[in-house]
Structures are given as structure tokens and as C-alpha cells.
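Single-structure report; data block below.
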2 protein chains.
Amino acid sequence: MLPGLVGYALRRAQVAVFQDFAREMAAMRVPVTPGEFGILVLVSRNPGLSQTALARAIGVDRSTLVPILDRLERHGLIKRHPSPTDRRSHALELGAAGMALLPLYEAAVRRHERRIQRRLRAGEGGALIAALDLLLDGATSR
Amino acid sequence: MLPGLVGYALRRAQVAVFQDFAREMAAMRVPVTPGEFGILVLVSRNPGLSQTALARAIGVDRSTLVPILDRLERHGLIKRHPSPTDRRSHALELGAAGMALLPLYEAAVRRHERRIQRRLRAGEGGALIAALDLLLDGATSR
DNA sequence: GGAAATTGTTGGCTCCCCAAACAATATCTC
DNA sequence: GAGATATTGTTTGGGGAGCCAACAATTTCC
């Protein structure tokens, strides 16, 4: 039964892809997880983002983000600035290490993507992403 | 950058599919996770399996399995019999509750699969599984 | 200006995973 | 057959990621 299930194939692929991501990151001075990489990209493209806005963007609870940002900040990848308009909230920016390392992370992710897709035919990656998005839609919407 | 990444689409789809699985299971007397469901199917098709063999089959450490099997056994879904040939090992079998509930779980999983695939065109599910298997292969093999 | 909402944080909880060590038991080697 | 070696399930300890409820500080609403 298991081999015919989309959910099963999805889970196994996800685990393998996650491990390959980690392998690629192992060479970095400060390795990051896929989730952390997403945060760095989001912050770099949306400087000044608040923690709540970021949490909503990646679909996790505000409290979940705190220890993750703590770690990223400890390594200088991001910085929590005081927001100029709201003294409760933090304006997130890339830190010095973040600005230096993000290009390396992006290159690593490109290598990783190339490797995991290497068994696919040309253009099949796009179709796969489209199908996964449809899956997400089917699973999410009532 | 993120939207073009297979790994990113994979992660988001996986989370959504997992949640839909949980939603479908919520109606059951004893809800199980996707991993637990996989264990039940494996044990039902391979009665007498040892814990080590099962751990290898699903790709987790032996020690990871212990609390999971504890829980399944507590609910009567599986039973740890003494192996007739090796007094160190356990022969895993479905318990009474397991035999009663597995058909219900299987039906629930079929409903779940139908729902998550409902945005896909007919037959696209199979292509998706094939692509995910290729992804797994690309990520795993050196 | 007082009530209500929001922000980041903390603490408590769950779940899943791994690695190392251990006693009991099997298996291998001489 | 005895001693060394390997394997089995378990325990312990640790990490990561997630949620919820509660809280002080602050902002917004009426």
C-alpha cells in the first residue's frame, strides 16, 4: 500500500532532501537549516521586517521564532534593531556575518538544488514545483 | 529566490499534507501519525518482524522506535511477542485493536490521499510519486 | 484617558530524532 | 566447548522544532 501513496513518497523525499541540504551546509563556517536559510532570504529582501510579520510569512508561531532568531543573532547573521515607529517591535536586518555569508548560502543552495534534481529531466523541476503547490492547495483549503 | 526552489516547495507541501493527515485521523478512536501508520502497515504485511529490521525498513535508529512501539502497544495496536528463535528479539504482530483499526486507518488514508490530490489532474499523482522518487534518488546517491 | 489589542519573550508541553552505554543473548573462532 | 565478538532492545541524555498560555511594555481605539 505504502509505495502508492503521495504522502509517503513526499515524506521520504523530504527527509532525503533535508539531509542533502545539511550535507551541503556542513562545509560552511556557520551551517544553517532550510528554515533558517528561508529566514535569511526573507529578511534580506524585506529589511525592517518585524518578528510577527516574519512568523506569519513562514507560517510558525511568534514564540517559535524567538530561539531561532536568538541563534542567528548570536552568530551575527541577523540583527534586531529597535523599530523607529514602534518601540515594542524589532526591525530585522542582516548582520555583518549574514551579509557576508548569504551569497555563499545561496550558492550552496543552488548546488544542492542541482544535485537533488539531477535525476529529473530538463524542465521537470518546474512541473514538480507546480504539482507540489497544487498538493499544498488541496491539503490546505477547505 | 525561495519560490523557485524544489526543496522549499517540498517542505511547504509536506507540512500541509501532514496537517491534513492529522485532521483526517482526529476522528479515530486512536489517532496515529503518518509514521505510525507506516509501521502498522509494515507489521501487518510482515508479521514477526524484529524491531531492528523495522527500524532499518523505515530508516530510523533502533532507539527511536522504542517509545513509538511503546505507545502503539499501550493502545493494543501492536504486540511484542517473544521470538521463537532468538530470545533477545521481539516478533512484532498486530494487536487486537490494530487488527480492528487498521482497515479504518487505511480508509482514512485513502480519503486523505484523494483530498490532497484533488487539485491534480487524473494520473498526475503517479507522475508526482515518480518525480519524488527520482528526487530521493538524486539526494541520496553519491 | 481608559479599554482593548499587539509585540516579543518566557515557561511548559509534545513530538521526533540521534548517539552512547548496558545487560542479555547469539554467533563466531579457535 | 570456551572465550571473544556481535547483535537486540532499552535507557539515558541531548538537540531541534513546534504549539499554547501568560506577561510586561507599548500602541491603538473609542
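Only this structure's heavy atoms are used, side chains among them; waters, hydrogens and symmetry mates stay out. Sequence lines set the chain letters: A, B, ... in the order given, protein chains first and strands last, and positions in each chain run from 1.
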* To do: Pull out every residue in residues 48-55 of chain B that has a heavy atom closer than 4.0 Å to any atom of DNA chain D, ordered by number, or say none.
  => Ser50(B), Gln51(B), Thr52(B)
* Asked: What residues join Val6(B) in its hydrophobic cluster, counting side-chain heavy atom gaps under 4.5 Å, either direct or through other members?
  -> Val6(A), Leu10(A), Val17(A), Ile116(A), Leu120(A), Leu128(A), Ile129(A), Leu132(A), Leu134(A), Leu135(A), Leu10(B), Val17(B), Ile116(B), Leu120(B), Leu128(B), Ile129(B), Leu132(B), Leu134(B), Leu135(B)
* To do: Mind calculating the distance between CG (Leu69(B)) and P (dT10(D)) to the nearest angstrom?
  => 8 Å
* Asked: Can you list the residues that meet the side-chain hydrogen bond (donor to acceptor under 3.5 Å, both in side chains) rule with Asp86(A), with sequence neighbours excluded?
  -> Arg88(A)
* Asked: Checking all strands, does Leu65(B) fall into the base, sugar-phosphate, or nothing category for heavy-atom contacts under 4.0 angstrom?
  -> nothing
* Just by distance, do the side chain of Arg118(B) and the backbone of Gly138(A) share a donor-acceptor pair under 3.5 Å? -> yes
* To do: Could you tell me the separation between the CZ atom of Arg71(A) and the C1' atom of dG16(D), rounded to a whole number of Å?
  => 10 Å
* State, yes or no, whether a side-chain contact exists between Leu92(A) and Arg80(A) at a heavy-atom distance under 4.5 Å. => yes
* **Minimal non-hydrogen separation, Arg119(A) against Asp137(B), with atom names** => NE-OD2, 2.9 Å
Check: residues 100-112 of chain B side-chain donor-acceptor pairs under 3.5 Å, at least two apart:
{"from": "Tyr105(B)", "atom 1": "OH", "to": "Val30(B)", "atom 2": "O", "distance (Å)": "2.4"}
{"from": "Glu106(B)", "atom 1": "OE2", "to": "Arg45(B)", "atom 2": "NH1", "distance (Å)": "3.1"}
{"from": "Glu106(B)", "atom 1": "OE2", "to": "Arg45(B)", "atom 2": "NH2", "distance (Å)": "3.3"}
{"from": "Arg111(B)", "atom 1": "NE", "to": "Glu24(B)", "atom 2": "OE2", "distance (Å)": "2.7"}
{"from": "Arg111(B)", "atom 1": "NH2", "to": "Glu24(B)", "atom 2": "OE2", "distance (Å)": "3.1"}
{"from": "His112(B)", "atom 1": "ND1", "to": "Asp20(B)", "atom 2": "OD2", "distance (Å)": "2.7"}

* Structure fact -> The contact string for nucleotides 19-30 of chain D, one letter per nucleotide 5' to 3', using protein heavy atoms under 4.0 Å with B, S and - for base, sugar-phosphate only and none, comes out as BB----BBS---
* Asked: Hey, where on DNA chain C does chain B first and last touch, going 5' to 3'? Cut-off is any atom under 4.0 Å from a heavy atom.
  -> dC16(C) to dA26(C)
* If you measure from OG1 on Thr64(B) to CD1 on Ile58(B), what distance do you get to the nearest 0.5 Å? -> 8.5 Å
* Structure fact -> Residue set satisfying side-chain hydrogen bond (donor to acceptor under 3.5 Å, both in side chains) with Ser89(A), at least two apart, ordered chain then number -> none
* Asked: Excluding sequence neighbours, so at least two apart, what forms side chain to side chain contact (heavy atoms under 4.5 Å, CB included) with Ala130(B)?
  -> none
Pairs of donor and acceptor atoms involving the side chains of residues 36-43 of chain A, under 3.5 Å and at least two apart or interchain, shall be tabulated with distances.
{"from": "Glu36(A)", "atom 1": "OE1", "to": "Thr33(A)", "atom 2": "N", "distance (Å)": "3.0"}
{"from": "Glu36(A)", "atom 1": "OE1", "to": "Arg71(A)", "atom 2": "NH1", "distance (Å)": "3.1"}
{"from": "Glu36(A)", "atom 1": "OE2", "to": "Arg71(A)", "atom 2": "NH1", "distance (Å)": "3.0"}

* Asked: Hey, what else clusters with Val15(B) if you join Ile, Leu, Val, Met, Phe, Trp, Tyr whenever side-chain heavy atoms sit under 4.5 Å?
  -> none
* Nearest heavy-atom neighbours spanning Gly7(B) and Glu113(A) -> N-OE2, 2.9 Å
* Asked: Apart from Phe18(B) itself, which Ile, Leu, Val, Met, Phe, Trp or Tyr residues share its cluster (side-chain heavy atoms under 4.5 Å, direct or through members)?
  -> none
* Selection: residues 32-41 of chain B, any non-hydrogen atom under 4.0 Å of DNA chain D -> none
